[in-house]
Participant: 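Can you keep this structure in mind? I'll have questions shortly.
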Amino acid sequence: MKRSVPDLLQAADPLVMVTAYDYPGARHAEAAGVDLILVGDSLGNVVLGYDSTAPVTLADMIHHGRAVRRGAPGTFVVVDLPFGTYQTGAADAMRSAVQVIQQTGADAVKLEGATPEILEAVTVLTRNGIPVMGHVGLMPQTATAQGGLKVQGRDEEGARRTLDGALALQEAGAFSVVLEAIPARLARLITERLVVPTIGIGAGVHCRGQVLVYHDLLGLYEGDEKKLAKRYAELGRTSREALSAYAREVRAREFPGKEHSFVMKDEVLGKLY
Ligand code: KIV
């Protein structure tokens with residue numbers, strides 16, 4: 001059964017979240033029984049081939065969010081608000097979130113950071129009935145300003161900023177907070193301090209939930225090993241091997257075989273000669 005926000009807040013078991021960007025991915029995630037699907041703006045990297053999430057647009061998120069909703073009608077779906085669509089003020093954030101919710105059928109939106117502008121946006125969105133997931137630690141949309149795609153919160157200042165950010169997001173109304181690439185002990189402390197569930201990625205086992213990027217989890221890119229992700233399959237290799245086998249069989253005229261071809265009666269064919 002589809003989770004609701006109160007349900008997610010009260011969940012005793014670890015929450016399972018995975019990203020999905022299209023109809024088949026969403027179908028697989030729903031069939032596997034995950035609690036939440038995130039249409040992450042990581043789609044910029046893993047689906048659209050950009051080298052960061054910054055170029056991803058609201059139209060991209062809506063396009064992919066709609067496909068995910070069609071594939072997973074019974075799962076709680078969160079859609080990322082992309083870079084530049086919410087940092088400019090609560091009114092812009094509200095406009096972006098309303099478009100996402102209305103046009104994709106998503107259950108919630110996620111945004112990165114805990115600056116005063118973003119906290120204000122979270123307050124306005126949640127006051128108007130739009131569930132918001134926060135995101136602190138490593139924030140890929142602004143990773144350049146964070147010194148690159150690096151672990152955050154290792155020193156006291158960074159750790160305090162991450163903890164304060166998570167608390168402030170909760171205070172502003174976020175129903176959950178993603179903790180990305182922070183030390184496991186810091187994630188544990190934040191999880192203990194927060195009432196709302198933390199969802200970790202590269203944040204240790206003590207978060208109240210975990211999220212992984214679909215392509216990382218399934219090993220869709222050969223050789224792209226990441227410390228924060230476990231590869232549960234090697235679909236990139238399987239896919240390459242299958243495509244190579246197809247190419248070899250076409251070139252050897254082994255495919256299509258009789259079993260993939262359609263028959264015609266001799267007398268019909270005879271009339272054509
Ligand atoms: O965009 C994304 O996939 C994310 C997850 C890594 C949490 O934000």
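Both counts, for ligands and for their atoms, begin at 1 and track the order of listing. Small disclaimer: the values here were computed from a predicted structure and weren't measured.
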Participant: For D41, which part has a heavy atom under 4.0 Å from ligand 1: side chain, backbone, both, or neither?
Facilitator: both
Participant: Are the side chain of T198 and the backbone N or O of R208 linked by a donor-acceptor pair below 3.5 Å?
Facilitator: yes
Participant: Could you tell me which atoms of ligand 1, counted from 1 in the order shown, lie closer than 4.0 angstrom to a heavy atom of I201?
Facilitator: 6 (C)
Participant: Salt-bridged, R95 to D92, with N to O below 4.0 Å?
Facilitator: yes
Participant: Any Lys/Arg nitrogen of E267 or K271 sitting under 4.0 Å from an Asp/Glu carboxylate oxygen of the other?
Facilitator: no
Participant: Under a 3.5 Å distance rule, please check whether Q170 uses its side chain to pair with a backbone N or O of V195 as donor and acceptor.
Facilitator: yes
Participant: Applying a heavy-atom cut-off of 4.0 Å, say which part of L43 lies close to ligand 1: side chain, backbone, both or neither.
Facilitator: neither
Participant: Using non-hydrogen atoms of the residue, decide whether K110 is closer than 4.0 angstrom to ligand 1.
Facilitator: yes
Participant: Would you mind checking which non-hydrogen protein atom is closest to atom 2 (C) of ligand 1, with the distance to 0.1 Å?
Facilitator: S42 OG, 3.3 Å
Participant: Taking the basic N atoms (NZ, or NE/NH1/NH2) and the acidic carboxylate oxygens, is any pair closer than 4.0 Å for D107 and R69?
Facilitator: yes
Participant: Okay, side chain of T104, backbone of V100: is any donor-acceptor separation there less than 3.5 Å?
Facilitator: yes
Participant: Which of the numbered atoms in ligand 1 are below 4.0 angstrom from a heavy atom of G40?
Facilitator: 1 (O), 2 (C), 3 (O)
Participant: Can H135 be said to touch ligand 1, with heavy atoms closer than 4.0 Å?
Facilitator: yes
Participant: Tell me whether D80 has any N or O atom under 3.5 angstrom from an N or O of ligand 1.
Facilitator: yes
Participant: Which atoms of ligand 1 are found less than 4.0 Å from any heavy atom of T19?
Facilitator: 3 (O)
Participant: State whether D164 and R160 are salt-bridged, where the test is any N-O pair (Lys NZ or Arg NE/NH1/NH2 against Asp/Glu carboxylate O) under 4.0 Å.
Facilitator: no
Participant: Give me the nearest non-hydrogen protein atom to atom 5 (C) of ligand 1 as residue plus atom name, then the distance to 0.1 Å.
Facilitator: L38 CD2, 3.7 Å
